Amino acid sequence: MAKKKRLFPGIGAKCTILTRFMKPNGGLSKEKDHRSIVVLKEFFYEGHRLCFRFNLDGDDQQKIYHSNARYVRIDSEGSIDDFFFEADKKKRHDGDAIEKAEAIMSKKKEPAIKWKRSRARQLLYQDIMDNKVPLDPKDDLSLSLEDIFSMHAEYAEYDFERQREATFQYCPSWSRRKIWFWINRIAALQSEKIFWPKDNFGNDIWAITVDGVHCWIQEPTHQEFSKDTSYFSHKYNHAGLCYELGISKGSNRLVWMNGPFPAGKSDLKIFQEDGLKAMLIAKKKMCIADGGYAGSDHIHHCSTPNIHDSRPVRRFKARALKRHEKFNGLIKNFHSVDCRFRHSIGKFKSVFEAICVICQYQIETDKPLYHVLVEANFQ
């Protein structure tokens, strides 16, 4: 039996209601089971109870009645733009997209020969052995899954999402929803795991190391040009997004996460204009950063390697920055941000922040960062 589609309230939605629950009820039928067809106009609250205002369908006088929403059954929706609640608009858009995807998936038939014994699998294995396809996607970022899928006609018979269904026992549409549900749940933990310490790092002046992390994304659209140069990442030579991360110098903790920003915006501009510099000034602390942050106007808030450093200080800064790169490496272990991200910027934000939360758990438990202290007499 097909699942009944959920309908949402909005202006113009036609509904059925037991007439005895309509207010004011003067002149209306008193029969216990009499029902009326009404058209919704607006919603309001009586205390904590959601209520609707409406008029009878076909009533030329447009007399307004109201009732508790629990007594109203929606028979047909109005326009999506006229829905009462923004959350319902999003659910309708997402639900329609899922239904469309499921309809497409249902038309695809599973081939008689399973992937394990297929000619397509043999061709893929041979391409890997001949170095036409990298065993690790990191070895060739320019070759996407779509490029590999189009190399042989035999691949077209097989749906890789169906292979995932057999492995995880979830249909593709349901697994996608479950994956995004848990990604958002993990990302929501950042307020508990990623925060500036209450003791403000004690007496330490150099409190954190800071660096920007670039990630490759699908090319955003531009109103006039084929490419938006503000998203150009010099690290990937493609469109990208950047996150600014700050890691405590003396503990295994990510304490600052800011973004995402278009990758064309430099780390220095992000530092100066988007909050971290102001935070350091307010907290009376300094950060350690690489040469990309060099600038005379914030020399008292951000320390970079320079020729005036003594050998111990130079060594200390180098260890601190390499330690930060180790954390960046933990992030890039996740394929979703190490290769091209093909979803919206909003979803990228959820994925990246969820990964940072996971990496924070890792450095607290089984993958701690090394200490950066250097002996004062280091030569």
Side-chain angles (χ1 to χ4, degrees), residues 136-139 141 178-199 201 204 206-217 233 235-236 240-263 267 270-271 274-276 279-280 285 287-290 292-293 317-373:
D136 189 338
K138 300 176 184 177
D139 296 338
L141 297 179
K178 295 289 284 186
I179 288 169
W180 285 113
F181 171 78
W182 285 109
I183 286 174
N184 291 326
R185 290 288 293 271
I186 295 171
L189 292 173
Q190 62 179 289
S191 60
E192 298 182 14
K193 303 303 295 182
I194 303 171
F195 55 86
W196 199 271
K198 294 181 179 179
D199 64 355
F201 299 100
D204 290 342
W206 284 340
I208 65 173
T209 56
V210 62
D211 192 18
V213 179
H214 283 207
C215 297
W216 184 13
I217 64 169
S233 169
K235 296 183 179 180
Y236 285 98
L241 291 171
C242 177
Y243 256 89
E244 182 182 53
L245 302 181
I247 298 177
S248 170
K249 172 182 62 65
S251 63
N252 291 304
R253 182 160 294 280
L254 176 65
V255 299
W256 178 264
M257 179 171 61
N258 194 17
F261 302 99
D267 293 346
I270 294 173
F271 173 79
D274 294 289
L276 183 54
M279 169 74 84
L280 293 171
K285 298 295 180 180
C287 68
I288 299 173
D290 58 30
Y293 289 79
K317 289 182 179 179
R319 284 179 60 82
L321 294 175
K322 288 178 181 177
R323 179 175 180 266
H324 193 116
E325 291 296 339
K326 182 179 179 182
F327 184 85
N328 294 348
L330 292 177
I331 295 174
K332 292 305 179 76
N333 283 334
F334 290 82
H335 183 76
S336 54
V337 294
D338 191 39
C339 294
R340 180 162 51 182
F341 191 84
R342 300 178 184 275
H343 299 280
S344 67
I345 293 177
K347 286 188 173 182
F348 172 82
K349 178 179 173 66
S350 298
V351 169
F352 189 91
E353 292 176 359
I355 288 172
C356 285
V357 170
I358 294 171
C359 291
Q360 175 59 45
Y361 276 104
Q362 287 181 326
I363 62 176
E364 286 179 0
T365 53
D366 60 328
K367 294 182 179 179
L369 303 175
Y370 57 82
H371 70 81
V372 297
L373 298 179

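Predicted, not measured: the structure shown is a model, and the values here were computed from it.
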Task: Check against side chain to side chain contact (heavy atoms under 4.5 Å, CB included), Lys332 and Val213 - done: CA-CA 9 Å; Lys332 292 305 179 76; Val213 179; 3.8 Å; yes
Open item on the list: The test is side chain to side chain contact (heavy atoms under 4.5 Å, CB included); show your working for Val351 and Val337 and say whether it passes.
Closed with: CA-CA 8 Å; Val351 169; Val337 294; 4.3 Å; yes
- [ ] In sequence, state the C-alpha distance, the side-chain angles, and the governing distance for Arg319 and His371, and then conclude on side chain to side chain contact (heavy atoms under 4.5 Å, CB included).
- [x] CA-CA 8 Å; Arg319 284 179 60 82; His371 70 81; 4.2 Å; yes
Open item on the list: The test is side chain to side chain contact (heavy atoms under 4.5 Å, CB included); show your working for Ile247 and Ile363 and say whether it passes.
Closed with: CA-CA 11 Å; Ile247 298 177; Ile363 62 176; 5.8 Å; no
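One distance of note links OG of Ser251 with CD1 of Ile208; it measures 11.0 Å at 0.5 Å rounding. Note that the CG atom of Asp290 and the NE2 atom of His324 stand 9.0 Å from one another [nearest 0.5 Å]. Note that CG of Asp204 is 4.0 Å distant from NZ of Lys249, once rounded to the nearest 0.5 Å. A distance of 12.5 Å separates CD1 in Ile186 from SG in Cys356, rounded to the nearest 0.5 Å. Here the CH2-CG distance, from Trp256 to Leu245, works out to 11.0 Å after rounding to the nearest 0.5 Å. Distance check: Ser336 OG to Ile179 CD1 gives 10.5 Å after rounding to the nearest 0.5 Å.
Between Asn252 and Leu369, the closest heavy-atom pair is OD1-N, 2.8 Å. Shown here for Ala187 and Ser350, the closest heavy-atom pair between the two residues is CB-O, 3.6 Å. Between His214 and Ser233, the shortest heavy-atom contact is ND1-OG, 2.8 Å. Tyr361 approaches Thr365 most closely through the heavy-atom pair O-OG1, 2.8 Å. Among all heavy-atom pairs drawn from Gln360 and Leu254, the shortest one is OE1-N, 2.7 Å. Contact detail for Gly212 and Lys235: the closest heavy-atom pair is O-NZ, 3.4 Å.
Side-chain atoms of Tyr236 and Arg340, non-hydrogen and from C-beta on, never get closer than 4.5 Å to each other. Contact check for Phe334 versus Ile358: side-chain heavy atoms found under the 4.5 Å cut-off. Taking 4.5 Å as the limit, every side-chain heavy atom of Phe327 sits out of range of all side-chain heavy atoms of Arg323.
Take Phe341 and apply the ring pair (Phe, Tyr, Trp, His ring centres under 6.0 Å) test, not counting sequence neighbours, and it matches His343, Phe348. Under the salt bridge (charged side-chain N to carboxylate O under 4.0 Å, His left out) criterion, Glu244 pairs with no residue, sequence neighbours left out.
Within the 3.5 Å criterion, the main-chain N or O of Asp274 finds a donor-acceptor partner in the side chain of Asn258. Under a 3.5 Å cut-off, the side chain of Lys349 and the backbone N or O of Pro260 do not form any donor-acceptor pair. The main-chain N or O of Trp180 is found under 3.5 Å from a side-chain atom of Asn184 such that the two form a donor-acceptor pair. Within the 3.5 Å criterion, the main-chain N or O of Met257 finds no donor-acceptor partner in the side chain of Tyr243.
Around the NZ atom of Lys322, the shell of radius 6.0 Å holds no more than 12 heavy atoms that belong to other residues, nucleotides or ligands.
Using the six-membered ring where Trp is involved, Phe201 and Trp196 have ring planes that are perpendicular, over 60° apart on the 30 and 60° scheme.
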